[in-house]
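Down below is the structure, laid out as structure tokens.
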Amino acid sequence: IQRRTYLAHLSPLLRGEVLVLLRDVTEAKRAAATRRDFVANASHELRTPISAIRAAAETLLSGAMDDATAAHGFVEIVARQADRLSRLTQDLLDLSRIESKQWTLEVAPVDAAPFARQALEPAVVAAREKGLALRSEVPEGTIVRADPRALEQVLVNLVDNAVKYTAEGSVAIRAAREGNDWIISVVDTGPGIERHHLERIFERFYRVDAGRSREAGGTGLGLAIVKHLVQGMGGEIGVESGAGGSRFWVRLPAV
Ligand code: ADP
């Protein structure tokens, strides 16, 4: 309202200039707030495993080391939390490289089929342990314009999530042609995501259930990385979810 009143008193020539200036300030403020939130979130996420490692070490030093079974448990905690720190720092580095444009994406025609098959590999063991069927239905010759490394990371992250959050059933990668694009989807039979969370899950550190995400080894950064990579390739990403499961889709130009 204030802006409108202000503009109403300006000549038509000045209006455009003033409007641009006001927008810049708002955006700069928003960017600064986002940065602050991000640093606060990242510090909190990093501090959690560090505190757990320190507590385990202190417990070991104050006597638990003499009890072999207890010692084993605490050393396991140290190893698990160190893994977590390693995943977090890797994700933070990836995100910062992408956002600061240090990771320049180079798109070229690539066949998505082998990438889809490879993206399943890191999840094979976890899927087998849960009895999940894991398959790629992407046909050979699904040629998209993409950066190979980015495409691989996008599919790996989406499959990793699908397997992480699905208790039973299946996870599949599919491809469908839509006009001049290919839509590549990762479809699961998991719990689904409630509507009001859907528009926020691509935000950094946004989680539907923080406890469950951490327990499953999540960092809260996977989908933010995926979104940046897809957009960096000139593509689009989205999600549909219901009681029967979730479908994360990526639209990339067909070649
Ligand atoms: P995380 O490391 O927590 O998995 P992501 O950025 O990858 O972080 O995902 C954000 C949140 O979105 C997750 O914490 C989870 O709540 C939700 N989510 C992502 N993928 C799925 C899925 N396939 N099924 C259900 N929930 C999902």
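One-based numbering, in listed order, for ligands and for the atoms of each. Since we're looking at a predicted model, the values are computed, not measured.
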- Task: Check the angle between the aromatic planes of F248 and F202 and answer parallel, tilted or perpendicular using the 30° and 60° thresholds.
- Result: perpendicular
Under a heavy-atom criterion of less than 4.0 Å, does [X] contact ligand 1?
X: G190; result: no
X: F248; result: yes
X: R214; result: no

Which heavy atom of the protein is the closest neighbour of [atom], given with residue, atom name and distance?
atom: atom 11 (C) of ligand 1; result: Y206 O, 3.7 Å
atom: atom 12 (O) of ligand 1; result: I201 CG2, 3.7 Å
atom: atom 21 (C) of ligand 1; result: Y165 CD1, 3.6 Å
atom: atom 17 (C) of ligand 1; result: V208 CG2, 4.1 Å
atom: atom 22 (C) of ligand 1; result: D188 OD2, 3.8 Å
atom: atom 6 (O) of ligand 1; result: L223 N, 2.8 Å

- State whether a side-chain donor-acceptor pair under 3.5 Å links E45 with N41.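 On atom types as modelled, these side chains do not qualify, holding no pair under 3.5 Å.
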- Message: Please state which option from N161, V159, I193, L158 has its nearest heavy atom closest to atom 27 (C) of ligand 1.
- Response: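 When every heavy atom of N161, V159, I193, L158 is considered, I193 comes closest to atom 27 (C) of ligand 1.
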- Query: Relative to atom 3 (O) of ligand 1, which among P191, G245, S213, G217 owns the nearest non-hydrogen atom?
  - Reply: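 The option holding the nearest heavy atom is S213.
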- Item | Sub-3.5 Å N/O-N/O distance, G220 and ligand 1 |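 Indeed, backbone or side chain, G220 has an N or O that close.
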- Is any side-chain heavy atom of T142 closer than 4.5 Å to a side-chain heavy atom of F115? no
- Does a side-chain heavy-atom distance below 4.5 Å link L151 with L252? yes
- Note on the structure: Near G222 (heavy-atom distance under 4.0 Å), the atoms of ligand 1 are 5 (P), 6 (O), 7 (O)
- Message: For L158 and L223: C-alpha separation, side-chain torsions, deciding distance, then whether side chain to side chain contact (heavy atoms under 4.5 Å, CB included) applies.
- Response: CA-CA 8 Å; L158 292 178; L223 287 179; 3.7 Å; yes
- Query: Distance under 6.0 Å and angle within 45° of the ring axis: does R177 meet both against W182?
  - Reply: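 Output yes; distance and angle both within limits.
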